[in-house]
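Quick notes on the structure that follows.
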Amino acid sequence: MKTLIGEIVTIPSYRAMGVKWEGAYAEVPQLKEVILKMSKRVGEFSFVKEPETQLGLSYHLRSDGFVHYSVFEVDEQQELLPGMIEIIVPVMTYLKVKHPKGKDIGVTYTGIYQWFKECDYQPLKEKGIEYFDDLPIKHERYPVDRDLEDPHFDILIPIELKS
């Protein structure tokens, strides 16, 4: 189903492995270092599904920041590696938007916020969890060889029908 700014997709549950970062918005420069280090560790996996695609899974569980998992999707037989965590992402339906190279990320996200105001969907909020952002869960998929100064990537926002 086509939408104003992207498409609606359902992604099956998957297992991912990598590193967890939690911090305030002021500490985001540290997060960039974590993401870069994780991109260099992909070769340590024996059973990585898409080594060319790094995942950034953000959950806005703090009033001053968020929790972020910098991970790669792995098969079930992948052993947990030292210094890493695993996360199981359940099946979810997403709004998938491509952020193109050369465009301001803020503009892309503003378009996403606007789309939610005009459609029958709302960002998914898991029951019993307090979130601190209008887009509480953001899953981003980056090509490993992206330009860090001018990245292009897919933004996936878990969605549900408005009640």
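Excluded from the calculations below are hydrogen atoms, water molecules and symmetry mates; all remaining heavy atoms, backbone and side chain alike, are included. The structure presented is a predicted model; accordingly, all values stated were derived computationally and were not measured.
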Go through the structure and list residues passing side-chain hydrogen bond (donor to acceptor under 3.5 Å, both in side chains) with Tyr113, not counting sequence neighbours. Asp133

Rounded to the nearest 0.5 Å, how far does OG of Ser70 lie from CG of Leu31? 7.5 Å

Quick one: are the ring centres of Phe66 and Phe132 less than 6.0 Å apart? no

So does Glu44 have more than 12 non-hydrogen atoms from other groups sitting under 6.0 Å from CD? yes

If you round to the nearest 0.5 Å, how far is SG of Cys119 from CD1 of Ile5? 8.5 Å

NZ (Lys162) with more than 12 external heavy atoms under 6.0 Å: yes

How many angstroms lie between CG in Leu55 and NZ in Lys49, if you round to the nearest 0.5 Å? 11.5 Å

Give me each pair satisfying ring pair (Phe, Tyr, Trp, His ring centres under 6.0 Å) with a member in residues 33-58, each pair once, sequence neighbours excluded. none

Taking side chain as C-beta onward, heavy atoms only, is Val67 less than 4.5 Å from Lys20? yes

Find out whether Arg141 and Leu156 are in side-chain contact, i.e. whether some heavy atom of one side chain is under 4.5 Å from a heavy atom of the other. yes

Aromatic plane relationship, His139 with Tyr59 - under 30° parallel, 30 to 60° tilted, over 60° perpendicular: perpendicular

Any pair with a residue in residues 24-35 that passes salt bridge (Lys or Arg N to Asp or Glu O under 4.0 Å), sequence neighbours left out, goes on the list, sorted by first then second residue, please. none

Do Tyr109 and Tyr25 share a hydrophobic cluster (ILVMFWY, side-chain heavy atoms under 4.5 Å, transitive)? no

Tyr69 and Trp21 aromatic centres sub-6.0 Å: no

Would you tell me whether Thr93 and Glu160 have side-chain atoms, one donor and one acceptor, within less than 3.5 Å of each other? no

Are Met92 and Ile159 linked, directly or through intermediate hydrophobic residues, by side-chain heavy-atom contacts shorter than 4.5 Å (ILVMFWY only)? no

Under the side-chain contact (heavy atoms from CB on, under 4.5 Å) criterion, do Gln54 and Phe153 qualify, and how do the steps go? CA-CA 10 Å; Gln54 186 172 0; Phe153 55 94; over 6 Å; no

Using the six-membered ring wherever Trp is involved, compare the ring planes of Trp115 and Tyr121 and label them parallel, tilted or perpendicular (cut-offs 30° and 60°). parallel

Check step by step if side-chain contact (heavy atoms from CB on, under 4.5 Å) holds for Glu73 and Met17. CA-CA 6 Å; Glu73 187 176 348; Met17 196 173 291; over 6 Å; no

Is there a path from Leu135 to Val28 through hydrophobic residues (I, L, V, M, F, W, Y) whose side chains come within less than 4.5 Å of each other? no

Between Tyr142 and His99, ring centroids under 6.0 Å: no

Do Asp147 and Lys101 have side chains that approach each other closer than 4.5 Å (heavy atoms only, starting at C-beta)? yes

For Phe72 and Val144, what are the C-alpha separation, side-chain angles and deciding distance, and is it a side-chain contact (heavy atoms from CB on, under 4.5 Å)? CA-CA 10 Å; Phe72 287 88; Val144 171; 3.8 Å; yes

side-chain contact (heavy atoms from CB on, under 4.5 Å) between Leu95 and Ile112, intermediate numbers included: CA-CA 9 Å; Leu95 169 65; Ile112 292 170; 4.1 Å; yes

Are the side chains of Lys125 and Glu130 in contact, using a 4.5 Å heavy-atom criterion? no

Measure across Gly106 and Asp104 and return the closest heavy-atom pair with its distance rounded to 0.1 Å. N-OD1, 2.7 Å

Within this structure, what is the CD-CG distance for the pair Gln122 and Leu124, rounded to the nearest 0.5 Å? 8.5 Å

Can you hop from Ile87 to Ile11 via hydrophobic side chains spaced under 4.5 Å? yes

Would you indicate whether the side-chain heavy atoms of Val42 and Glu52 approach each other to under 4.5 Å? no

Find out whether Asp154 and Glu140 are in side-chain contact, i.e. whether some heavy atom of one side chain is under 4.5 Å from a heavy atom of the other. no

His152 versus Lys103, side-chain donor and acceptor atoms under 3.5 Å: no

Would you give the length of the straight line joining atom CD1 of Ile8 to atom CD1 of Ile157, rounded to the nearest 0.5 angstrom? 11.0 Å

For the CD1 atom of Ile88 and the OG atom of Ser13, what is their distance to the nearest 0.5 Å? 6.5 Å

Taking the side chain as C-beta and beyond, is there a heavy-atom pair between Tyr14 and Val71 under 4.5 Å? no

Show, in sequence, the C-alpha distance, side-chain angles and deciding distance for Glu22 and Arg62, and conclude whether the salt bridge (Lys or Arg N to Asp or Glu O under 4.0 Å) test is met. CA-CA 9 Å; Glu22 181 174 343; Arg62 296 170 51 133; 3.6 Å; yes

Ignoring hydrogens and angles, tell me if any N or O in the side chain of Gln78 forms a donor-acceptor pair with the backbone of Ser46 under 3.5 Å. yes

For Asp120, does the CG atom sit with more than 12 other heavy atoms under 6.0 Å from it, leaving out its own atoms? no

Is Val97 reachable from Phe116 through a run of hydrophobic residues whose side-chain heavy atoms are each under 4.5 Å from the next? yes

Minimum side-chain heavy-atom gap Ile35-His68 below 4.5 Å: yes

Is the backbone N or O of Gly102 less than 3.5 Å from a side-chain atom of Asp150, with the two atoms forming a donor-acceptor pair by type? yes

